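These figures come from a predicted structure and were not determined experimentally. Just so you know, these numbers use all the heavy atoms, side chains as well, and skip hydrogens, waters and symmetry mates.
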Amino acid sequence: MSVFKNVIVYRIEATWSQSLDQVEQGLGTQRFVPCSPSQEKSAGWVEPRGQEHGPLAESIGGQWLLEFMVETKALPASVVRRKVEERAAQIEATTGRKPGKKEKKELKEDITLELLPLAFTRHARVAVWIDPAARRLVVNSSNAARADEVVTNLVKALDGFAVSLVNTQIEPAVAMSEWLSSQEPPAGFTIDRECELKASDESKAVVRYAKHPLDIEEVRQHIADGKRPTRLAMTWDDRVSFELTEGLQIRKIVFLEGTLDDAPASSSGGKEDNFDADAAIATGELGQLVPELLEALGGEMRLGTASADAAPAATAGAQAKANAEEALADESAPF
């Protein structure tokens, strides 16, 4: 199972209700199949434990763990371009005419199909966690387009599944500005030694601090001058360090030494036990951190409400589906 390092959090709509068995059946309709020789991209669900023909949905302590796989074939653009120019030169030499734009496009498509079987294959695995009791979806990705792709696939696979991006009453940038200015982080949290501040005016000036104390007048002055924090390193309860972004992403997650004390005891120390322990630690710690962080940001803002300090909540069911389908149409889209 992929480790939860960078996560995007969604609220599962109250209209969706399926059992683990129903989720398993739904994911089976979107199971991952490797790329064929002439296929540029393939995506679908794989077994989180890595066991062939195992469950696609694992339940660990009541938390459901899934794994999304994306396989792409990488063809260097320079190689394709060179082959197209060589083929166009051959046509001009034998026929006396120079291929036009449309013909070059067709040449590019033909050459791409010829080279795909020889292309390098890349794999990306995305851990996905459904908390059915808290009605929360957590996607292990810092890439919004990739998270949208995962959500879109879930919408296709699970009947009635719909989510919305979690949004808070106070914008993260506003809250981070206050914490840095006052040096009073919310209860249970501490400010660490990394931060990025960005000007909102035409200068777009950026100031970054790394391994540097942030309780200094210089930081407060930057904020007073109008720079807004875009990311801030923090630690929760001396158990989890992370970086909060202005977009409410939780990145660079590290489970600190004390979290291992609460991991389930393993009988053999094998791969099975490691999976269960990793899943229990990740879901147990993040299951506490996320609601406390949302509370520190004024609480979660439900759809249909508005706040002066918060942007409108984005609907990630139909909207994510449209966004991700657009990304999927471009099979050269980056991870």
Side-chain angles (χ1 to χ4, degrees), residues 4-16 128-145 147-148 150-151 162-192 194-198 200 214 223 226-237 239-253 282-283 285-320 323:
F4 286 94
K5 294 183 178 179
N6 307 285
V7 302
I8 299 176
V9 184
Y10 300 84
R11 168 64 56 193
I12 300 174
E13 299 301 321
T15 54
W16 180 74
V128 178
W129 163 31
I130 294 176
D131 185 336
R135 306 198 66 80
R136 186 180 299 125
L137 170 71
V138 178
V139 178
N140 182 47
S141 177
S142 60
N143 185 309
D148 281 352
V150 172
V151 169
V163 298
S164 58
L165 279 168
V166 166
N167 206 1
T168 54
Q169 296 290 341
I170 304 173
E171 286 187 17
V174 173
M176 290 188 288
S177 294
E178 172 59 29
W179 301 339
L180 286 169
S181 296
S182 66
Q183 279 302 304
E184 293 183 6
F189 293 86
T190 55
I191 295 174
D192 294 340
E194 291 193 19
C195 175
E196 179 181 89
L197 304 167
K198 185 175 294 186
S200 55
L214 300 178
I223 293 173
K227 293 185 178 68
R228 290 163 57 94
T230 58
R231 55 185 178 86
L232 175 65
M234 305 182 74
T235 294
W236 168 75
D237 199 29
R239 299 175 67 82
V240 183
S241 67
F242 65 96
E243 182 180 87
L244 176 64
T245 76
E246 61 181 339
L248 197 52
Q249 292 183 4
I250 306 172
R251 303 176 57 191
K252 298 183 180 179
I253 296 168
T283 59
E285 298 300 324
L286 293 178
Q288 298 176 73
L289 185 158
V290 169
E292 289 197 22
L293 180 60
L294 296 180
E295 185 63 27
L297 294 169
E300 190 173 345
M301 186 172 69
R302 304 291 182 172
L303 289 174
T305 64
S307 167
D309 291 331
T315 299
Q319 185 60 50
N323 292 345

Separation between NZ of Lys227 and SG of Cys195, rounded to the nearest 0.5 Å: 11.5 Å
To the nearest 0.5 Å, atom CD1 of Ile130 lies from atom CD1 of Ile12 at 5.5 Å
Looking only at heavy atoms, what is the nearest atom pair of [X] and [Y], with distance?
{"X": "Met176", "Y": "Pro229", "answer": "CE-O, 3.5 Å"}
{"X": "Leu297", "Y": "Pro172", "answer": "CD2-CA, 4.0 Å"}
{"X": "Trp129", "Y": "Gly287", "answer": "CH2-N, 3.7 Å"}
{"X": "Leu289", "Y": "Phe189", "answer": "O-CZ, 4.5 Å"}
{"X": "Leu214", "Y": "Gln183", "answer": "O-NE2, 3.4 Å"}
{"X": "Leu248", "Y": "Val166", "answer": "CD2-O, 3.4 Å"}

Looking at [X] and [Y], would you say the former's side chain and the latter's main chain have a donor-acceptor pair under 3.5 Å?
{"X": "Asn6", "Y": "Ser141", "answer": "no"}
{"X": "Glu285", "Y": "Ala282", "answer": "no"}
{"X": "Arg135", "Y": "Arg11", "answer": "no"}

Please report the C-alpha distance between Ile253 and Leu286 in whole Å, then the side-chain angles of each, then the deciding distance to 0.1 Å, and finally whether the side chain to side chain contact (heavy atoms under 4.5 Å, CB included) criterion is met. CA-CA 10 Å; Ile253 296 168; Leu286 293 178; 4.1 Å; yes
Do Val150 and Tyr10 touch side chain to side chain, with heavy atoms closer than 4.5 Å? no
Could you give me the CA-CA distance, side-chain angles and deciding distance for Val138 and Asp131, then say whether side chain to side chain contact (heavy atoms under 4.5 Å, CB included) is met? CA-CA 8 Å; Val138 178; Asp131 185 336; over 6 Å; no
Any Lys/Arg nitrogen of Glu246 or Arg228 sitting under 4.0 Å from an Asp/Glu carboxylate oxygen of the other? no
Would Leu165 and Asn167 count as a side chain to side chain contact (heavy atoms under 4.5 Å, CB included) if you check the C-alpha gap in whole Å, the side-chain angles of each, and the deciding distance to 0.1 Å? CA-CA 6 Å; Leu165 279 168; Asn167 206 1; over 6 Å; no
I'd like to check the side-chain hydrogen bond (donor to acceptor under 3.5 Å, both in side chains) partners of Ser142; sequence neighbours left out, ordered by chain and number. none
For the pair Trp236 and Leu293, evaluate side chain to side chain contact (heavy atoms under 4.5 Å, CB included) and give the outcome as yes or no after the intermediate values. CA-CA 9 Å; Trp236 168 75; Leu293 180 60; over 6 Å; no
